[in-house]
Amino acid sequence: MAYYFDQPSRTFGEYLLVPGFSSGDYIPANVDLRTPLVRFKKGEEPAITLNIPMVSAIMQAVSNDTMAIALAKEGGVSFIYGSQSIESEAAMVARVKNYKKGFIVSTSNLTPDDTLADVLTLKERTGHSTVAITEDGTANGKLLGIVGSKDYRVSRMDPATKVKEFMTPREKLITAPDTTSLKDANDIIWENKLNNLPLVDENDHLAYLVFRKDYDTHHENKLELLDEHKSYVVGAGINSRDYEERVPALVEAGADVLCIDSSEGYSEWQRRTLKWIKDRYGDTVKCGAGNVVDEEGFRFLADCGADFIKVGIGGGSICITRETKGIGRGQATALIDVCRARDKYYEETGIYVPVCSDGGIVHDYHVTLALAMGADFLMLGRYFSRFDESPTNKIRINGRYVKEYWGEGSNRARNWQRYDMGGDKKLSFEEGVDSYVPYAGSLKDGVYTTLAKVRSTMCNCGALSIPELREKAKLTVVSSTSIVEGGAHDVITKDTTSNV
């Protein structure tokens, strides 16, 4: 007869935190959100520690090199998606590791024969007001000019006007060699009252742009996550098929940590993948695994040598695994069960294997709930897909901006490796959907707001660190009526009537 769990499978939305005593020292500014990313032995420090408990999902619509740089600046890690060629993924990793802080590779580029309409379309898509004009319209083409917001007036110009007629031409630009230091570049900007400074190579090809507005930003990223060489920390996704070719390429490119991207991790395929990595690289290459939803799955992957273990099946906003296959578990219940297993494993072996909660986050307070339930950090897809830095298009639908977001199990992604069960190399049916998410602006602003809420709630619970939150948190299951009571009710909110 099948085994039946005694308790129902619950989600984050069914829980609330009960406040605890907080002294005068328990203020958000004193909260420390550092948390281990990879396994470590008792009495030792982990090889990689996150400064914030957030990593971005291994998804085409979420994690590329742009996202990785932006998130590392805030103290987290991106896992660049593996559902692309080995060469392409390795190149993304290399770009993150080689990124020169403050030196921006231009992502808004046109040719002199493009038009004002092209400038406006590009600005709407990228949000950038500075457009580099190069001979071939690429980021590293020969620099011919710059277009800024002061170079044109939409109300007084024909959209068909060629860029070469209103751009600031090369001969009027102040530039510097691509060997210029960031300090010297900023000095040139301030001395000449510039908004930006193009850096060019010996052939006058554009290499980087340094922006005046970024000067303060470089001093604000106090939590940025750096390796021992002062480069940004970056992760990369792998699968259980081509790991013998993919892993060496990613390691060579400089990936700090890997993760097997799979909908279900309690499998022989993940055991083989982890064994190959550990046999070849020992402890020098860190690799997470998953996903699992119970103690057995955790114990299996921990014994296989996983450096962290992801929890969650079917809880993602674009995941339909539960709907199509009938497997999974409520994210809160799964997380609580696996975190108990982690603590038990630590007591028995002296080895701490961090747990990553993957999926089920709808509201910001769910992040705090997940940490209180035992998660060391969270992997987020929909959350990060909404920001400027995600690789998808920003488009306008019915008067509002949205961004595209699709699952790795969707027909669009065609990531059959994620659902590997040892059979043919094909995607038999979809386990993810193609969708839109509301556009949410910059990652920096979004993460700041979310973590401000997390820090505030932790203080309400009398905790200044994630381990202390886990120790002191008091959680209560709420009824369906309590959930309704928790939001605005029995009133007519002003934003509802504003358009009447």
Side-chain angles (χ1 to χ4, degrees), residues 54-68 70-71 78-86 88-89 92 107 124-127 235-242 246 259-265 290-291 310 312-325 327-328 331 356-362 378-398 400-421 425-443 446:
M54 304 171 80
V55 302
S56 67
I58 310 168
M59 300 176 69
Q60 295 174 6
V62 180
S63 298
N64 64 348
D65 49 316
T66 304
M67 174 62 68
L71 187 50
S78 282
F79 284 85
I80 290 175
Y81 68 94
S83 52
Q84 59 180 314
S85 71
I86 295 173
S88 177
E89 186 180 11
M92 285 190 182
T107 55
E124 183 175 12
R125 180 166 62 84
T126 66
I238 63 172
N239 62 69
S240 55
R241 287 279 186 166
D242 64 7
R246 190 173 294 269
C259 184
I260 304 172
D261 181 29
S262 174
S263 67
E264 205 278 298
N291 288 18
K310 290 202 294 159
I313 294 177
S317 60
I318 40 67
C319 183
I320 54 172
T321 294
R322 297 180 193 175
E323 182 179 331
T324 57
K325 296 170 68 174
I327 65 167
Q331 187 65 12
C356 169
S357 180
D358 180 14
I361 301 298
V362 180
L378 293 84
M379 179 170 280
L380 303 157
R382 181 195 62 85
Y383 177 88
F384 285 116
S385 70
R386 305 170 303 147
F387 298 130
D388 288 320
E389 293 81 0
S390 74
T392 63
N393 294 319
K394 182 179 77 171
I395 57 180
R396 192 177 180 89
I397 296 180
N398 296 327
R400 66 185 300 190
Y401 284 108
V402 296
K403 295 205 75 176
E404 295 178 295
Y405 180 47
W406 60 93
E408 287 298 294
S410 67
N411 191 56
R412 179 172 182 173
R414 301 297 298 171
N415 185 9
W416 62 266
Q417 296 98 328
R418 192 171 196 272
Y419 304 87
D420 186 15
M421 297 186 70
K425 298 182 178 182
K426 63 182 180 180
L427 190 66
S428 300
F429 55 89
E430 289 185 288
E431 292 189 42
V433 300
D434 198 347
S435 64
Y436 300 110
V437 291
Y439 169 65
S442 74
L443 179 145

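Note that this is a predicted model, so its numbers are computed, not measured. The figures that follow rest on heavy atoms only: side chains count, while hydrogens, waters and symmetry mates do not. In this chain, residues are counted from 1 in sequence order.
- Taken from CZ in Phe79 to CE in Met59, the straight-line distance is 15.0 Å, to the nearest 0.5 Å.
- Closest non-hydrogen pair, Tyr401 versus Glu124, comes out as OH-OE2, 3.0 Å.
- Taking both residues in full, the closest heavy atoms of Ile80 and Gln84 are given as CG2-NE2, 3.8 Å, listed atom of the first, atom of the second, then distance.
- When every heavy atom of Ala70 is checked against every heavy atom of Glu389, the shortest pair comes out as CB-CG, 3.5 Å.
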>> Using the rule given for side chain to side chain contact (heavy atoms under 4.5 Å, CB included), can you reason through Ser385 versus Lys403, listing the C-alpha separation, both sets of side-chain angles and the distance that settles it, and then say yes or no?
In response: CA-CA 7 Å; Ser385 70; Lys403 295 205 75 176; over 6 Å; no
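- Met379 CE to Ile361 CD1: the interatomic distance, rounded to the nearest 0.5 Å, is 13.0 Å.
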> Checking side chain to side chain contact (heavy atoms under 4.5 Å, CB included) for the pair Tyr383/Val62: CA distance, chi angles, key distance, verdict?
Replying inline: CA-CA 9 Å; Tyr383 177 88; Val62 180; over 6 Å; no
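- Taking each heavy atom of Leu378 and Cys356 in turn, the nearest pair found is C-SG, 4.1 Å.
- Distance check: Met54 CE to Phe384 CZ gives 4.0 Å after rounding to the nearest 0.5 Å.
- Other residues, nucleotides and ligands contribute over 12 non-hydrogen atoms within 6.0 Å of the OH atom of Tyr439.
- Atom CG of Leu443 is separated from atom CE of Met67 by 5.5 Å, given to the nearest 0.5 angstrom.
- Across Ser63 and Pro391, no two heavy atoms sit closer than the pair N-CD, 4.3 Å.
- Atom-to-atom distance recorded for Ile58:CD1 and Ser78:OG is 10.5 Å, nearest 0.5 angstrom.
- Within 6.0 Å of CZ on Arg400 lie no more than 12 heavy atoms contributed by other residues, nucleotides or ligands.
- Atom CG of Asn291 sits about 8.0 Å away from atom CG of Asp261, to the nearest 0.5 Å.
- Remark: the backbone N or O of Ile395 is not paired with any side-chain donor or acceptor of Tyr436 at under 3.5 angstrom.
- Ala236 and Glu89 get closest at one heavy-atom pair: CB-OE2, 3.5 Å.
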